[in-house]
Amino acid sequence: MKRFENRVAIITGAADGLGKAGALKLASEGASIVIWDLNEIKGLETAEEVRKLGVDVIFEKVNTAEYSEVEMATKNVIAKFGKIDILINNAGITRDSTLKKMTVEQWQLVIDVNLTGVFNCSRITSQHMLEAGYGRIINTSSVVGLYGNFGQVNYAATKAGVIGMTKTMGKELGRKGITVNAVAPGFIATDMVKKMPAEVIAKMEAIVPVARLGSPEDVASAYAYLASEEASYINGTVLSVDGGIVI
Ligand code: CAA
């Protein structure tokens, strides 16, 4: 029997990057997949790739920062699958700028998506996990939430905030059969990192003890582990997947 057979997993921001790798990983091990993302073109393409692995999949265009959109999308998941076993709060954005130059809009947008989006999805989908007495919530934090980063005061605040949310939700939901954990990726070779100035990427690579950027699949393996039965006694933790950059 595959690890995620009969499991239904919602993965936000799964049109591309880490979320897509997570969706393909869970699907390859039998999970039914729900992709919530703003990018309709890539979202539908990813859904097609997932379907080829022989599992059920739905894509819905959802802005996770909007409570009512998440509510509606959750209703659609319940109508199709009847339950939600796994939520991976992977959707996140950057609007990098030094504190001196950061606009209020850059600050607020990152808070809305990276923090309020995690609240909305967790608040709404956990109602169904509570009814079932089972759930796995995985929140995507970042190395930046652990040690800060030049040019990312907004992003760092959200990724540190996600860790506080993870620990609090783990305390509240653990006794109801739901575990909540965070993954803190380091510098992973996705479009988000590739947008960084080349000299900054080179500096990052030079300080990673395993001497390379991570791959989306490195992070997907951590998502899958925390979503699995094997991780049932792990709750409220932050798993760094960063090649040792925080050592
Ligand atoms: N450390 C120290 N100084 C730095 C620096 C750094 N990492 N980056 C820039 N500076 C310095 C410059 O040398 C320059 O110094 P001087 O003023 O003395 O010449 C100054 O900061 C430039 O400041 P500006 O306000 O003019 O900023 P800018 O317009 O050049 O942009 C920046 C600065 C926004 C930080 C830009 O360099 C940048 O985008 N850096 C990348 C930020 C980054 O690491 N993002 C991570 C994206 S990946 C991700 O987020 C995923 C994840 O979870 C890890």
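Each residue takes its place number in the sequence, starting with 1. As the structure lists them, so they are numbered: ligands from 1, and atoms in each ligand from 1.
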Top protein contact for [atom], by heavy-atom distance:
{"atom": "atom 42 (C) of ligand 1", "answer": "Asp96 OD2, 3.4 Å"}
{"atom": "atom 3 (N) of ligand 1", "answer": "Phe150 CE1, 3.2 Å"}
{"atom": "atom 50 (O) of ligand 1", "answer": "Gln152 NE2, 2.9 Å"}
{"atom": "atom 34 (C) of ligand 1", "answer": "Ser97 CA, 3.8 Å"}
{"atom": "atom 44 (O) of ligand 1", "answer": "Asn149 ND2, 2.8 Å"}
{"atom": "atom 25 (O) of ligand 1", "answer": "Thr98 OG1, 2.9 Å"}

Under 3.5 Å, is there a donor-acceptor pair between the [X] and [Y] side chains?
{"X": "Glu69", "Y": "Asn63", "result": "no"}
{"X": "Asp37", "Y": "Thr12", "result": "no"}
{"X": "Glu66", "Y": "Asn120", "result": "no"}
{"X": "Asn114", "Y": "Thr158", "result": "yes"}
{"X": "Tyr223", "Y": "Thr140", "result": "yes"}

Give me the atom names and distance for the closest heavy-atom approach of [X] to [Y].
{"X": "Ser142", "Y": "Tyr155", "result": "OG-CE2, 3.8 Å"}
{"X": "Ala227", "Y": "Tyr134", "result": "O-OH, 4.3 Å"}
{"X": "Val180", "Y": "Asn235", "result": "N-OD1, 2.9 Å"}

Which option out of [options] puts a heavy atom nearest to [atom]?
{"atom": "atom 28 (P) of ligand 1", "options": "Lys194, Met196, Lys101", "answer": "Lys101"}
{"atom": "atom 38 (C) of ligand 1", "options": "Ala156, Gly17, Gly214, Pro197", "answer": "Pro197"}
{"atom": "atom 49 (C) of ligand 1", "options": "Met192, Met102, Lys159", "answer": "Met192"}

Counting from 1, what ligand 1 atoms have a heavy atom of [X] closer than 4.0 Å?
{"X": "Gly186", "result": "54 (C)"}
{"X": "Ser142", "result": "52 (C), 53 (O), 54 (C)"}
{"X": "Val193", "result": "48 (S)"}
{"X": "Phe187", "result": "54 (C)"}
{"X": "Gly151", "result": "35 (C)"}

Can an N or O of [X] be found at a distance shorter than 3.5 Å from an N or O of ligand 1?
{"X": "Thr94", "value": "no"}
{"X": "Tyr155", "value": "yes"}
{"X": "Lys203", "value": "no"}

- Task: Validate the cation-pi geometry between Arg212 and Phe187: distance from NZ or CZ to the six-membered ring centre under 6.0 Å, angle to the ring axis within 45°.
- Result: no

- Query: With a 4.0 Å cut-off on heavy atoms, is Lys100 touching ligand 1?
  - Reply: no

- Message: Check for me whether Gly92 has a heavy atom closer than 4.0 Å to any atom of ligand 1.
- Response: no

- Item | Over 12 non-hydrogen atoms of neighbours within 6.0 angstrom of NZ in Lys61 | no

- Kindly state if atom 20 (C) of ligand 1 has a protein heavy atom within a strict 4.0 Å cut-off, that is, under 4.0 Å? no

- Query: Is atom 46 (C) of ligand 1 in close reach of the protein, with a heavy atom under 4.0 Å away?
  - Reply: yes

- Item | Salt bridge present between Lys20 and Glu45 (N-O < 4.0 angstrom) | no

- Query: So does Glu199 pair up with Lys203, basic N to acidic O under 4.0 Å?
  - Reply: no

